[in-house]
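Below is one structure; the comments refer to it alone.
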Amino acid sequence: MPAATSASRRDTTRLRWRVEDYDLDATLGCGQAFRWRRGAASWTGVVSGRWVRLRKEKHTLHAETATPHADWRWLAEYLQVDSDLAAILNTFPDDAPLRAAVAACRGLRLLRQEPWECLASFILSSTKQITQIRQIVELVCQRFGEPLPVPPVSAPAFSFPSPDRIARLSESELRACKMGFRAPHLLAAAGAVAEGRLDLQSLQTLPLPEAKERLMKLEGVGPKIADCVLLFACGFGQAFPVDVWVERALSKLYFRRRKATPRELREFAASHFGPNAGYAQQYLFHFIRTHGAQKLSG
DNA sequence: CTCCAGGCGCCTT
DNA sequence: AAGGCGCATGGA
């Protein structure tokens, strides 16, 4: 098979990128994605139905897969290795809270996630701690995902179940994954995507308000979860998810510790942070959760 | 034990 | 528009 031979010559299970300002721990651990597990010196996860191990070394990001690939664009896109973080940070307003957040979290990147996994995960996120979201997502994948090839000695890995797969499950099968009242929401969303009533791929081509409106037609998807999908999966850099942490951060840092109203928060977020408001949001979110205990309580 | 978690939907003011 | 409440489940 000569054709296959010439094609497979470039196939490899390892690749590396030269990167500046790429903090793998912050990026994979900040709560934007839920399937990454930190090992001694590397992170293991699943991207586009493929087992992946990542390791950062000085200015090099090392990737390893279980099966060979000639085309690695799926992972480069997910990791956003080609985005210019310095240019993004330069669009932030020059104020004290963001200076502190960038000083503490520089290298945190927004990933470009798969829309269905992102939507499903954030449907499961409401009033759950990040550790619990990870557990629920992991259970769903173990029970209903497809087993994936992994390297020798590695733990089993599973794909994130497709909309069709989840749409065929019963509500009680989902509730058994500890997702509680979110089970019917996930089931309905899976049905909408599986039957083509919601086209997730087309959202990125729409104006942000219309894309958000379509997501919010789903039961259990309000403005916050919609913004997460728009920002983390659809590439809308101005989407600005406001959860309890961001609400606290904005109130304390920009409203002189006064509890700002939802309207005030919306208008401030839309006017203050610029074209990469969503990036700024993630820096504030991660900063307040990791370094913010003292800054917040004082 | 209590409090709260990357919310939402519905109700009342 | 804003505030209150119930919703499942389990960390802290």
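Quick note on labels: first sequence line is chain A, next is B, and so on, each numbered from 1.
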Rounding to the closest angstrom, what is the interatomic distance between C:dA8 and B:dC3 at atom C1'?
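Pairwise C1' distance, C:dA8 against B:dC3, rounds to 16 Å.
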When the P atoms of C:dG3 and B:dG6 are compared, how many Å lie between them, rounded to an integer?
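My reading of the P atoms in B:dG6 and C:dG3 gives 22 Å.
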Have a look at [X] and say if it touches a base, only the backbone sugar-phosphate, or nothing, with a 4.0 Å heavy-atom cut-off.
X: A:Gly31; answer: base
X: A:Ile123; answer: nothing
X: A:Val221; answer: sugar-phosphate

Between [atom2] of [N] and [atom1] of [X], the distance in whole Å:
X: A:Leu119; N: B:dG6; atom1: CG; atom2: C1'; answer: 15 Å
X: A:Trp245; N: B:dA5; atom1: CH2; atom2: P; answer: 7 Å
X: A:His185; N: B:dC8; atom1: NE2; atom2: P; answer: 10 Å
X: A:Ile133; N: C:dA8; atom1: CD1; atom2: P; answer: 18 Å
X: A:Leu265; N: B:dG7; atom1: CG; atom2: P; answer: 14 Å
X: A:Glu247; N: B:dC8; atom1: CD; atom2: P; answer: 12 Å
X: A:Phe122; N: B:dC8; atom1: CZ; atom2: P; answer: 11 Å
X: A:Ile136; N: C:dC7; atom1: CD1; atom2: C1'; answer: 14 Å

Is the distance between the ring centroids of A:Tyr254 and A:Phe273 less than 6.0 Å?
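Here the rings of A:Phe273 and A:Tyr254 have centres that are less than 6.0 Å from each other.
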Hey, would you say the A:Phe122 and A:Phe34 ring centroids sit under 6.0 Å apart?
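Yes - the distance between ring centres of A:Phe122 and A:Phe34 falls below the 6.0 Å cut-off.
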Is it true that A:Ser170 and A:Glu173 share a donor-acceptor pair across their side chains at a distance under 3.5 Å?
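Judged by distance alone, the side chains do pair up.
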For residues A:Asp25 and A:Trp43, is any side-chain donor paired with an opposing acceptor at under 3.5 Å?
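Looking only at side-chain atoms, A:Trp43 and A:Asp25 do form a donor-acceptor pair, the distance falling under 3.5 Å.
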Take A:Met216 and A:Cys30, find for each the nucleotide of DNA chain B with the closest heavy atom, and name the residue whose nucleotide sits nearer the 5' end.
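With A:Met216 and A:Cys30 compared, the 5'-side residue is A:Cys30.
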Quick check: on DNA chain B, is the nucleotide nearest A:Gln32 upstream (toward 5') of the one nearest A:Leu218, or the reverse? Name the residue that is more 5'.
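Nearer the 5' end of the strand: A:Gln32.
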Counting distance alone, no hydrogens or angles: does the base of B:dG6 have a donor or acceptor under 3.5 Å from a partner atom on the side chain of A:Gln282?
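Such a pair is found, so the answer is yes.
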Can you find a donor-acceptor N/O pair under 3.5 angstrom joining the side chain of A:Gln281 to the base of B:dG6?
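Present.
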Hey, is A:Phe285 stacking on B:dG6? Ring centres under 5.5 Å, planes under 30°.
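A:Phe285 vs B:dG6: stacking yes.
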When both hydrogen-bonding distances must be under 3.5 Å and the geometry is Watson-Crick or G-U wobble, what is B:dG6 paired with, if anything?
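Looking at the geometry, B:dG6 pairs with no nucleotide.
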Quick one: closest heavy-atom pair of A:Leu75 and A:Ala63, and the distance?
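What the structure gives for the nearest pair is CD2-CB, 3.7 Å.
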Contact summary for A:Val150 and A:Ala155, nearest pair of heavy atoms
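Reported closest heavy-atom pair: CG1-O, 3.6 Å.
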Any idea how A:Trp72 and A:Trp74 line up, ring-wise: parallel (<30°), tilted (30 to 60°), or perpendicular (>60°)?
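If you compare the ring of A:Trp72 with that of A:Trp74, the planes turn out parallel.
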Detail all sub-3.5 Å separations between protein N/O atoms and N/O atoms belonging to nucleotides 9-12 of chain C.
residue : atom : partner  : partner atom : Å
C:dT9   : O2   : A:Lys128 : NZ           : 2.6
C:dG10  : O4'  : A:Gln132 : NE2          : 2.7
C:dG11  : O4'  : A:Gln129 : OE1          : 3.4

salt_bridge(A:Lys217, A:Glu213) N-O dist < 4.0 Å
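No, this pair does not count.
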Name the residue from A:Lys259, A:Lys252, A:Lys224, A:Arg258 that meets the salt bridge (Lys or Arg N to Asp or Glu O under 4.0 Å) definition with A:Glu247.
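Only match with A:Glu247 under salt bridge (Lys or Arg N to Asp or Glu O under 4.0 Å): A:Lys259.
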Find out whether A:Leu200 and A:Leu203 are in side-chain contact, i.e. whether some heavy atom of one side chain is under 4.5 Å from a heavy atom of the other.
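Side chain of A:Leu200 against side chain of A:Leu203, heavy atoms only: contact under 4.5 Å found.
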Pick out the pairs of N or O atoms, protein on one side and nucleotides 2-6 of chain C on the other, that lie under 3.5 Å.
residue : atom : partner  : partner atom : Å
C:dA2   : OP1  : A:Thr261 : OG1          : 3.0
C:dA2   : OP2  : A:Arg263 : N            : 3.3

